[in-house]
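Side chains are part of it too, since the values below use all heavy atoms of this structure and drop only hydrogens, waters and symmetry mates. By convention in this document, chain letters (A, B, ...) are assigned in the order of the sequence lines, proteins followed by strands, and residues within each chain are numbered from 1.
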2 protein chains.
Amino acid sequence: MSADSGKQPPSGPRAALKRQAIVRAAREAFLREGFGVGMDAIAAGAGVSKVTVYNHFGSKEALFTAVITEALDEPLGSASATALEGLAEAEDLRTALVDAARTWVNAVRTNQDVIALRNLVAAELHRFPELGRAWQGHGPEGHHPAVAAALRGLADQGRLVIPDLETAIIQLYALLVFPHMVFGAYGTTVDDGLTERLITGGVDMFLSHYGPRER
Amino acid sequence: MSADSGKQPPSGPRAALKRQAIVRAAREAFLREGFGVGMDAIAAGAGVSKVTVYNHFGSKEALFTAVITEALDEPLGSASATALEGLAEAEDLRTALVDAARTWVNAVRTNQDVIALRNLVAAELHRFPELGRAWQGHGPEGHHPAVAAALRGLADQGRLVIPDLETAIIQLYALLVFPHMVFGAYGTTVDDGLTERLITGGVDMFLSHYGPRER
DNA sequence: CAACTGAACTGAACAGTTGAGTTCAGTTGA
DNA sequence: TCAACTGAACTCAACTGTTCAGTTCAGTTG
């Protein structure tokens with residue numbers, strides 16, 4: 001019944017280009033109009049025949065899945081991850097944390113696309129239960145491990161006192177990135193001034209609780 | 001062309017019951033299957049003829065709007081608002097804050113429906129731009145004023161030192177309710193133990209930053 | 001209490017549209 | 001030469017919204 005009965009997707013360099021164009025156009029289309037956007041519109045946006053789309057992906061759901069999983073392993077974390085790693089060597093912990101937080105939050109803010117995609121997934125959860133599960137642990141908060149490692153390192157150095165690491169990680173996320181995710185959900189964006197106050201204020205608050213009592 | 005040309009919706013006690021049943025069923029259906037659910041399914045769920053649905057609401061979009069606006073002024077905040085008001089008279093600020101936070105967070109957690117509805121609105125923003133605007137300022141974080149008043153009161157008493165009220169409010173939200181909203185977005189729920197640790201840990205963190213330096 | 005009235009409701013069929021996925025004959029390009 | 005691609009026409013299912021003949025029911029009148 002489905003198109004994938006014994007058919008393997010096209011291969012070769014030409015096919016790869018087409019595939020890329022399709023995913024790109026599909027992502028834009030989904031972001032612009034939601035999951036309800038027509039396959040014809042996507043094909044047209046990719047400058048490709050609808051048949052080609054189906055030869056590559058077999059179904060709309062598979063295409064959507066491809067878009068999401070592709071967005072899933074976007075670099076998003078690379079800049080902020082390196083910023084977090086440098087934390088151990090920093091002399092002035094507060095300044096270093098504020099800097100790391102800035103690049104981190106900025107990565108989230110400039111990738112509103114990813115947040116919007118998450119909303120799509122959330123809204124279509126009933127259609128894509130696996131995607132919902134796959135999205136957990138990824139997305140903008142996808143590098144828990146990096147944050148965990150950074151915090152653990154600082155704790156081992158004795159520069160932070162963290163009795164409950166899991167809670168602390170969530171709190172750091174909550175103070176720094178969750179506001180942008182929550183407000184971004186309806187298209188509201190947090191303005192630059194407030195963003196900066198949330199960063200410095202969040203770091204200060206985090207340090208005044210977990211930091212050494214040097215204050 | 002539309003059905004509302006010169007037609008007013010039915011009135012009277014019987015009609016009111018039907019209308020209520022329709023909105024209720026529509027809400028469940030939308031939550032269960034998303035906006036794509038068929039009107040026949042909604043009518044069946046309400047135990048009502050499809051014609052009755054159209055006599056009452058005229059269109060699917062109008063019905064969806066009715067569901068959302070009805071959810072908009074749900075009491076959600078009443079319990080937590082009163083809990084927040086009692087804060088000024090409390091002797092033990094930490095205990096009182098933790099208690100207030102518990103009822104507040106619980107209100108949010110048990111109203112996951114409302115959060116899920118918000119996701120629907122976000123996903124269908126292009127179809128309902130007005131709804132998106134109406135939803136801002138409401139929803140689970142809809143009682144900013146109550147929180148603002150409570151914090152201001154404590155600051156005036158000298159029991160908290162809050163240089164930037166707006167930031168402080170968002171931080172309180174971030175520490176206590178945002179995690180449940182973010183994780184709840186894909187159906188993941190925060191388990192009871194973590195919830196409790198987030199509450200106490202969040203309050204402690206908040207107080208260690210804004211509270212008097214008695215620590 | 002019986003007959004009546006009229007608005008609201010039912011059930012089923014129907015019209016019109018949209019969109020997913022397919023078919024196919026023909027074209028492009030390494 | 002062969003796999004990939006195109007374009008257009010097509011099927012098929014689902015969905016929104018409508019129509020209509022008949023039914024329910026609260027309230028009114030005699």
Checklist entry - A:N55 has an atom CG; how far is it from atom P of D:dG7, in whole Å? => result 14 Å

Next on the checklist: Can you tell me if B:H56 touches the phosphate of C:dA8, counting only side-chain N or O atoms and a distance under 4.0 Å to OP1 or OP2?
Outcome noted: no

Checklist entry - CD1 of A:I22 versus P of D:dA4: gap in Å, rounded? => result 13 Å

Checklist entry - Which residues pass the side chain to side chain donor-acceptor pair (under 3.5 Å) test with A:D192, sequence neighbours left out? => result A:R109

Checklist entry - Taking C-beta and beyond as the side chain, do B:Y173 and A:P179 meet within less than 4.5 Å on heavy atoms? => result no

Checklist entry - Would you call the rings of A:F178 and B:F183 parallel, tilted or perpendicular if under 30° counts as parallel and over 60° as perpendicular? => result perpendicular

Item to check | Polar side-chain atom of B:N106 near backbone of B:R102 as donor-acceptor pair, under 3.5 Å | outcome: no

Next on the checklist: Would you say A:T52 places a side-chain N or O within less than 4.0 Å of OP1 or OP2 belonging to D:dA4?
Outcome noted: no

Checklist outcome for this item: Here the gap from A:E124 atom CD to A:E61 atom CD, rounded to the nearest 0.5 Å, amounts to 9.0 Å

Between protein and nucleic acid, restricted to nucleotides 14-20 of chain C and to nitrogen or oxygen atoms under 3.5 Å apart, what atom pairs and distances do you find?
residue: C:dA20; atom: OP1; partner: A:V37; partner atom: O; Å: 3.4
residue: C:dA20; atom: OP1; partner: A:K60; partner atom: NZ; Å: 2.6
residue: C:dA20; atom: OP2; partner: A:M39; partner atom: N; Å: 2.9

Checklist outcome for this item: Rounded to whole Å, CG of B:L17 lies from C1' of C:dA8 at a distance of 12 Å

Item to check | Set of side chain to side chain donor-acceptor pair (under 3.5 Å) partners for A:T167, sequence neighbours left out | outcome: A:D164

Checklist entry - Does the side chain of B:L87 come within less than 4.5 Å of B:L97's, by heavy atoms? => result yes

Next on the checklist: Can you list everything that forms a side chain to side chain donor-acceptor pair (under 3.5 Å) with B:E28? Sequence neighbours excluded, please.
Outcome noted: none

Checklist entry - What integer distance in Å separates B:K18:NZ from D:dT23:P? => result 17 Å

Checklist entry - Who passes ring pair (Phe, Tyr, Trp, His ring centres under 6.0 Å) against A:F64, sequence neighbours left out? => result A:F30, A:F35, A:F128

Next on the checklist: Could you spell out the base pairing of DNA chain D as a dot-bracket line? Use Watson-Crick and G-U wobble contacts where both distances are under 3.5 Å, [ ] for crossing pairs, | for partners on a different strand.
Outcome noted: ||||||||||||||||||||||||||||||

Checklist entry - Out of C:dA7, D:dC5, C:dG11, which has the shortest distance to the side chain of A:A15? => result D:dC5

Next on the checklist: What is the separation between atom CZ on A:R19 and atom P on D:dC5, rounded to the nearest whole Å?
Outcome noted: 11 Å

Item to check | Out of C:dA12, C:dA8, C:dT23, whichever nucleotide has its closest atom nearest the side chain of A:V51 | outcome: C:dT23

